[in-house]
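The chain is numbered in sequence order, starting from 1. Note that ligands are numbered from 1 as they come in the structure, with each ligand's atoms numbered from 1 the same way.
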Amino acid sequence: MRRTATEDVEFAGKRMRAGDKVVVWYLSGNRDADAIDRPDEFIVDRPRPREHLSFGFGIHRCLGNRLAELQLRILWEGILARDLRIEVLAKPIYAHSNFLRGISRLPVRLTS
Ligand code: HEM
């Protein structure tokens with residue numbers, strides 16, 4: 001994931017000098033306010049909802065993205081059909097990672 005600049009360069013307003021170590025900060029992928037309106041807010045009816053980077057980009061874009069979306073659709077259909085209420089009981093504990101913004105613990109109560 002890390003590269004070394006081979007020459008001085010300016011990119012997106014940032015200067016990198018030859019020898020600087022440069023990393024892709026995966027966690028910021030969907031948080032670019034220049035590309036996504038209010039990126040830190042959950043807006044369920046966003047226009048252009050499929051324009052995100054969660055499945056990657058370009059030739060290595062996730063091969064299973066349609067399957068993953070289908071699984072999520074089936075999950076939500078099941079939850080809604082059963083009129084399940086999901087009550088969050090505590091603040092999420094995030095995984096200690098600079099690669100994934102994963103939740104490692106989130107206690108919830110399910111009722112119908
Ligand atoms: C919500 C679920 C999923 C997420 C968020 C996700 C995310 C991603 C991302 C970000 C990449 C690109 C990695 C890169 O650029 O190097 C990727 C690649 C890939 N994903 Fe997924 N994925 C999911 C589910 C799945 C499923 C269900 C399958 C298969 C059944 C799958 C198979 C693959 C494969 C084979 C690649 C590599 C594609 C390539 O390198 O050409 N993914 N995924």
Side-chain angles (χ1 to χ4, degrees):
M1 306 292 175
R2 195 193 73 183
R3 298 291 184 268
T4 305
T6 54
E7 57 188 70
D8 292 359
V9 66
E10 189 168 316
F11 180 73
K14 302 287 178 200
R15 271 193 61 207
M16 290 172 246
R17 287 182 303 239
D20 281 352
K21 310 295 184 206
V22 182
V23 293
V24 174
W25 200 250
Y26 267 76
L27 290 173
S28 65
N30 284 325
R31 313 270 166 183
D32 182 353
D34 291 341
I36 300 174
D37 180 39
R38 289 175 287 155
D40 292 320
E41 289 177 37
F42 177 66
I43 303 172
V44 76
D45 59 348
R46 282 183 183 278
R48 302 176 286 104
R50 305 204 75 239
E51 284 182 26
H52 60 78
L53 295 172
S54 300
F55 293 117
F57 184 80
I59 195 168
H60 285 289
R61 185 176 153 84
C62 177
L63 212 59
N65 75 86
R66 291 302 197 176
L67 175 61
E69 286 178 349
L70 182 64
Q71 289 176 322
L72 286 167
R73 169 183 282 270
I74 291 167
L75 175 71
W76 279 108
E77 282 173 355
I79 289 171
L80 293 171
R82 289 166 184 75
D83 200 21
L84 282 182
R85 310 264 161 217
I86 305 171
E87 192 185 346
V88 175
L89 300 179
K91 284 189 171 172
I93 295 176
Y94 286 95
H96 190 70
S97 167
N98 60 4
F99 184 65
L100 285 175
R101 191 163 186 260
I103 291 174
S104 53
R105 185 172 161 78
L106 179 63
V108 297
R109 182 186 295 130
L110 296 181
T111 47
S112 58

Residues K91 and L106: closest non-hydrogen pair is C-CD1, 4.4 Å
Return yes if a side-chain donor-acceptor contact under 3.5 Å exists between D20 and T4, otherwise no. no
Among all protein non-hydrogen atoms, which one is nearest to atom 40 (O) of ligand 1, and what is the separation to 0.1 Å? H60 ND1, 2.6 Å
Once rounded to the nearest 0.5 Å, what's the spacing between atom [atom1] of [X] and atom [atom2] of [Y]?
X    : Y   : atom1 : atom2 : answer
N98  : W25 : CG    : CH2   : 4.0 Å
D37  : R46 : CG    : CZ    : 6.0 Å
R109 : L84 : CZ    : CG    : 14.0 Å

N-O pairing of R17 and E10 below 4.0 Å: no
Please determine if E69 and R73 form a salt bridge, counting it only when a charged side-chain N lies under 4.0 Å from a carboxylate O. no
If you define the side chain from C-beta out and look only at heavy atoms, does anything of I43 sit under 4.5 Å from R38? yes
Number the atoms of ligand 1 from 1 as they appear, then name those within less than 4.0 Å of a heavy atom of S54, with their elements. 5 (C), 7 (C), 10 (C)
What are the atoms of ligand 1, with element, lying closer than 4.0 Å to any heavy atom of L67? 30 (C)
Is any protein N, O or S atom closer than 2.8 Å to atom 21 (Fe) of ligand 1, and if so, which? C62 SG
Part of I59 with heavy atoms under 4.0 Å of ligand 1, whether side chain, backbone, both or neither: backbone
